[in-house]
Amino acid sequence: MRLYKILFFLNLFLSGQLLFAQKNPIVRDIYTADPSGHVWADGRLYVYPSHDIDPPRGCDLMDKYHVYSTTDMVNWTDHGQIVEASDVPWAQPLDDNGKFMWAPDCAYHNGKYYFYFPHPNKSPWNSNWKIGIAVSDKPASGFRVIDTTLVGLPDSGEIDPCIFTDDDGQAYFYYGGGGHCYGAKLKENMIELDGALKSMTGLSDFHEGTWVFKRNGIYYLTYADNNAGGNQLRYAMSSNPLGPWSYKGVYLSPTTSDTSHGSVVEYNGQWWAFYHTADLSGTGLLRCICVDSLFFNLDGTIKMVKQTKDQGFPYNNIMPMIPGTIEAENYNQGGQGIAYWDNTNGNGPNEYRRSEDVDIARYRPANMYYVTDMSLGEYINYTFEVLNDDVYTINFVIGTPQSGQTQKFYLEFDNAKTSNPKRYDVSYTTLTSLGTVTVPNIKLNKGIHTMRFMPQGNMNFDKFTFTGTTSAVENVKISSTLVSPNPARDGIFSVKNIQINALATVSDVSGKIILKKALNQQDNTLDLSRYARGIYFLKLQTNEIIYETKLINK
Ligand code: FUB
């Protein structure tokens, strides 16, 4: 057992906290749904979900909200129960004794945390929803339900409260259900609407599950639709927190649950999509919360979220682009059993990603990191974004260190199992001249995919390159005049003629990405002044074309 694992279990023992290795679903000991994610001033990301109780009875037995938090998206702390139906002073017995503690949200204002939850206060439950509020001075404990419900709302069928706080500190309240979505400002006291509810216009096929967030000055409203094959998550954008909204599309396909409900939050520079599935129970009424990376296009629209289930997410959350090259050592993050399986047969500490199990060594003469010491039963996952529908050829730079032997690997895409997958032969080569194994005819559609690499024996694996049959050649242009000055003595490069937004990715000679930046006409500089002198590689991605060039940092 490696040292970090011992420390992990020691920490678990000493802190007495329940930690979950990240694996979608992220909570596995109770059923949870409707996750609302928030980052508070203590630097933790908190999630406030609802709680499905087993055995399910419609959605009516939901009760006993728990709170979860993380600092690394990998280990989750269950802070325990914060509020239950029997704490609600204005609740009345309902005809069918349901608990009906549905999708909640939480807000912070002036030193206090406000937990909002929908609950019907009389029968029939489906037309008498109120929004209850519990208040605490801590984010995950000490909540007390106040005597009044949110002031200014009618008795109605509207559920799923959402509170968005703008940069100026003004809080907004949203809720909705059954085709209607409303919003209004909240007063300073956070328990009263400041003005009449306004209908949120411009949404398409709104059902429930409102969530509002802001990015680069633009407001986003996300929600679940009525899609018959399982609800999807859709979104709209606006320059105003109360709309009118401009509908943009679907960002999460149906999950294994027939309902859908999500939230979107930025944490440590990466955006995340929370949602729920029924993967744990197999029944849509006993749900489980999940999280995956969320990415934006250069125009601010949202890319479809890949539901990774147990496959992990891109290393350092930098999504590799295909056509292109992925270094073997930049396999997914997420740990053993999720992003990879390693039989821990290495001969010493890794030279890169030191705390992880996958064996990585460095071949110094070529300044090359490579994955090594592989054995039967292992796998490594790579998630990437394919820019064009195409039939791809993948060239693996790889060799087995066992003289006179041939080893094999096979591949799996997007968890699709086949009973007799094609195996590819890997011959003996030294590290100085690793061989190339070509895998043709891989049909991939535009979007995010995960490839699982499965060795059948020991190999040294450096990298792999996807080349498209039709699109790659005209889509990648090598341009030596793209940047000036080049060489740059002060490490500051300007990218010429940027007409529209473009995404710049700079890697060092080992293939490690050191900088990722969106460039536009106002800001077209790349600052490498704090990096060592030498050669770097720039990939500039516009909507249609990828430009590549060398950068010389003098
Ligand atoms: O969880 C109960 C209800 O189902 C929520 O309030 C809706 O958003 C849907 O997820």
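Between Trp102 and Trp125, the ring-plane angle classifies as perpendicular under the 30° and 60° cut-offs. A perpendicular orientation is assigned to the rings of Trp271 and Phe296, their planes being inclined by more than 60° (bins at 30° and 60°). Ring geometry for Phe164 versus Tyr219: interplanar angle over 60°, hence perpendicular rather than tilted (30 to 60°).
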**Report entry** Intermediate values then yes/no, side-chain contact (heavy atoms from CB on, under 4.5 Å), Trp272 and Met73
**Finding:** CA-CA 10 Å; Trp272 297 95; Met73 308 304 292; 3.5 Å; yes
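In terms of heavy-atom proximity, Asp160 sits nearest to Pro118 at N-CG, 4.0 Å. Heavy-atom minimum distance, Ser238 versus Trp245: CB-CE3, 3.3 Å. Ile53 and Leu286 make their closest contact through O-CD2, 3.7 Å (heavy atoms, listed as atom of the first residue, atom of the second, distance).
Listed by chain and number, the residues in a side chain to side chain donor-acceptor pair (under 3.5 Å) with Ser263 amount to none (sequence neighbours excluded). Remark: Trp40 engages Tyr48 in a side chain to side chain donor-acceptor pair (under 3.5 Å) (not counting sequence neighbours). Annotation: side chain to side chain donor-acceptor pair (under 3.5 Å) contacts of Ser69 (sequence neighbours excluded): Arg44, His79.
Among residues at least two apart or in separate chains, salt bridge (charged side-chain N to carboxylate O under 4.0 Å, His left out) pairs with a member in residues 188-199 are Lys187-Glu192. Contacts classified as salt bridge (charged side-chain N to carboxylate O under 4.0 Å, His left out) and involving residues 125-137 (residues at least two apart or in different chains) are given here: Lys130-Asp155. Legend: salt bridge (charged side-chain N to carboxylate O under 4.0 Å, His left out) pairs involving residues 234-258, not counting sequence neighbours, sorted by first then second residue: Asp205-Arg234, Asp225-Arg234.
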